[in-house]
Amino acid sequence: MFLYNIGIKLYYFAVWLVSFFNTKAGLWINGRRQQKIAPFNSSIWFHFASLGEFEQGRPILEAVRQQYPGKSIVVTFFSPSGYEIRKNTPLANAVYYLPLDTKNNARDFIDTIKPDMVVFTKYEYWYHYFKELNRRSIPLYIVSGIFRPGQVFFRWYGGLHRKMLSFVTHFFLQDESSKQLLSEVGINNVTVSGDTRFDRVWANAQNPKEIAGVSEFKNEKKLFIAGSTWPEDEKLLTTLPALYPDWKFIFAPHEIGEEKINNLIGLLPPGSTVKYSQLGDNSKFKIQNRAALLNTTEEEQLVKNSKEVSDLPLPRTSHPAPEYPPILIIDNIGMLSSLYAYGDIAYIGGGFGVGIHNTLEAAAFGLPVIFGPNYLKFNEARELIALKAGFSISDEAQLKGIVDTLISDEAFYSTTSKKIYNYVQEHTGATEMIMSHIDVQM
């Protein structure tokens, strides 16, 4: 316990040091310092590590909101990438950064929001919060939980972490292997319900959102979408547009800072890209192309008078309106899950780093998915590979090989698309199972 408490404080100190030159760390520190926790007479508390876990647990959050409309809902995040994007979600009455896991913070936070029930999604186990909830007999649920043999819970030195598990009212797990691991350490209050991400991505695919400008960009051509990419992915992917000039490409990088975007654009042929922020009637891209239709004298006059080209009528010309370049760069966050509705093939980034990102968002639309070699921690990736509906690559040659097969072999593409679509549909239902249990407990 002493080492745990010291570790929490050292972690805070390390983030504080980094915050002087890292924006995300600064948000992590300042967000916690500046927030004021509003009191509630009673609430239901949902905690998510980050944005991915929010989307994963969202079906439960929506179901609870519908089933208990009179209850206040408090949402907490550990990471700025979740808080900053979902801090105004209409699904919650209040959204906060989770205060650091100390005994006093846990007591004060729970005293303030007075939860009748608590739901944590997939990850994050905080000793003082869990212990305080257990001491007050407040139900605590883990949904879409997943465990692996190498985790600290199953190590000889993991006694404190196994104690955290004992504070949980019920675990809703993704798979049987997680159930077996918990059973080996004496935890049997479990249900294998599956992964709520399937419910989330399926619902999203059944009611896709229209994204302004994307249909015009695609222009009825085939579309390859590279989602949540990192530089290691992009070094390989940026070789594809030249090989398939009849296709359109969308890159949605995981990090969208100006330097990252410019580095990505620098890997692609000059003039082949347009950023999403440039799409639209009044965009920089359209202005540039409208100016290109004017003669030099008119252009010079526009600059001299500092007029907006978009405010002027197009000159009479026989030239057709310019078509967008073949590559669209997404320079914002939050639209990727809806972008896949426009796609035909998807590449999911992260597989050359710590692990791949969300393959299911693309799979729900029937898109064959390609990803890097670090996928073993993800059940759905292993299962998609077994079904031959997902494909792992380790180098440029393998990437080109599978893309060429999917593009050139229509029968193979069609079979793959049906397999992956059916896979997602068959794995839905976790939310209903979890809610039936929670309903009994409330």
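All figures in this text were calculated on a predicted structure; none of them were measured in a lab.
Every residue meeting the side-chain hydrogen bond (donor to acceptor under 3.5 Å, both in side chains) condition with W230, not counting sequence neighbours, appears here in chain and number order: H357. With sequence neighbours excluded, the residues forming a ring pair (Phe, Tyr, Trp, His ring centres under 6.0 Å) with F198 are Y423, H427, listed by chain and number.
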Q.
Checking T76 against W45 for the side chain to side chain donor-acceptor pair (under 3.5 Å) test, could you report, in this order, the C-alpha distance in whole Å, the side-chain angles of both residues, the deciding distance, and whether it holds?
A. CA-CA 8 Å; T76 57; W45 171 24; 2.8 Å; yes
Q.
Apply salt bridge (charged side-chain N to carboxylate O under 4.0 Å, His left out) to residues K87 and E84 and explain how you reach the verdict.
A. CA-CA 6 Å; K87 60 186 175 183; E84 293 299 328; 3.1 Å; yes
Q) Do K400 and T239 pass the side-chain contact (heavy atoms from CB on, under 4.5 Å) test, and can you show the C-alpha distance, the side-chain angles, and the key distance before you say yes or no? A) CA-CA 9 Å; K400 291 179 179 178; T239 64; 3.7 Å; yes
**Q.** Pair I345-I407, side-chain contact (heavy atoms from CB on, under 4.5 Å): steps then yes or no
**A.** CA-CA 9 Å; I345 299 174; I407 288 177; 4.0 Å; yes
**Q.** Derivation of the salt bridge (charged side-chain N to carboxylate O under 4.0 Å, His left out) call for R136 and D111
**A.** CA-CA 10 Å; R136 302 185 190 207; D111 278 343; 2.7 Å; yes
Q: Evaluate side-chain contact (heavy atoms from CB on, under 4.5 Å) for R58 paired with L91, printing each intermediate quantity in order.
A: CA-CA 9 Å; R58 185 170 179 161; L91 294 172; 3.8 Å; yes
Q) Is there a salt bridge (charged side-chain N to carboxylate O under 4.0 Å, His left out) between E132 and R135 once you walk through the steps? A) CA-CA 5 Å; E132 189 66 19; R135 187 182 70 81; 2.6 Å; yes
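Nearest heavy-atom pair, L399 versus I370, reported as atom, atom and distance to 0.1 Å: CD1-CG2, 4.2 Å. Of all the heavy atoms in V214 and Y276, the pair that sits closest is CG2-CE1, 4.2 Å. Taking each heavy atom of T431 and A63 in turn, the nearest pair found is CG2-CB, 4.2 Å. Of all heavy-atom pairs spanning D344 and K221, the tightest one is OD2-O, 4.3 Å. Closest of all the heavy-atom pairs between F172 and S193 is CB-OG, 3.4 Å.
A 6.0 Å sphere centred on CD of E259 holds no more than 12 heavy atoms belonging to other residues, nucleotides or ligands. Remark: K114 NZ is packed, more than 12 non-hydrogen atoms of other residues, nucleotides or ligands lying under 6.0 Å away. Residue-environment remark: NZ (K179) stays at or below the threshold of 12 foreign heavy atoms within 6.0 Å. The environment of NZ in K131 is sparse: at most 12 heavy-atom neighbours from other residues, nucleotides or ligands sit within 6.0 Å. Around the CD atom of Q151, the shell of radius 6.0 Å holds more than 12 heavy atoms that belong to other residues, nucleotides or ligands. Taking a 6.0 Å sphere around CG of N262, one finds it holds more than 12 heavy atoms contributed by other residues, nucleotides or ligands.
Tested against R197, the residues E55, E380, E53, E361 include a single salt bridge (Lys or Arg N to Asp or Glu O under 4.0 Å) partner, E380.
Counting heavy atoms from C-beta outward, I8 and Y127 have side chains that stay 4.5 Å or more apart. Within the 4.5 Å cutoff, the side chain of F130 has no heavy atoms near those of the L165 side chain. In this structure, F378 and F371 have side chains that are not in contact, with every pair of non-hydrogen atoms separated by 4.5 Å or more. Using a 4.5 Å cut-off on side-chain heavy atoms (C-beta onward), F224 and Y244 make no contact. Between L173 and L182, the closest side-chain pair of non-hydrogen atoms falls below 4.5 Å.
The cationic atom of K248 (NZ for Lys, CZ for Arg) lies less than 6.0 Å from the six-membered ring centre of F217 and within 45° of the ring axis. Judged by a 6.0 Å distance limit and a 45° cone about the ring axis, R32 is positioned over the six-membered ring of F78.
Side-chain rings of W126 and Y4 stay apart, their centers remaining 6.0 Å or farther from each other. The aromatic ring centroids of W28 and F77 lie 6.0 Å or more from each other.
Between the side chain of D101 and the main chain of Y129, a donor-acceptor pair closer than 3.5 Å is present. Side-chain atoms of D116 do not come within 3.5 Å of backbone N or O of S42 as any donor-acceptor pair. The backbone N or O of G372 sits less than 3.5 Å from a side-chain atom of S392, completing a donor-acceptor pair.
A donor atom on one side chain and an acceptor atom on the other are found under 3.5 Å apart for S177 and D175.
In this pair, F391 and F412 present their aromatic rings tilted. The plane angle is within the 30 to 60° band.
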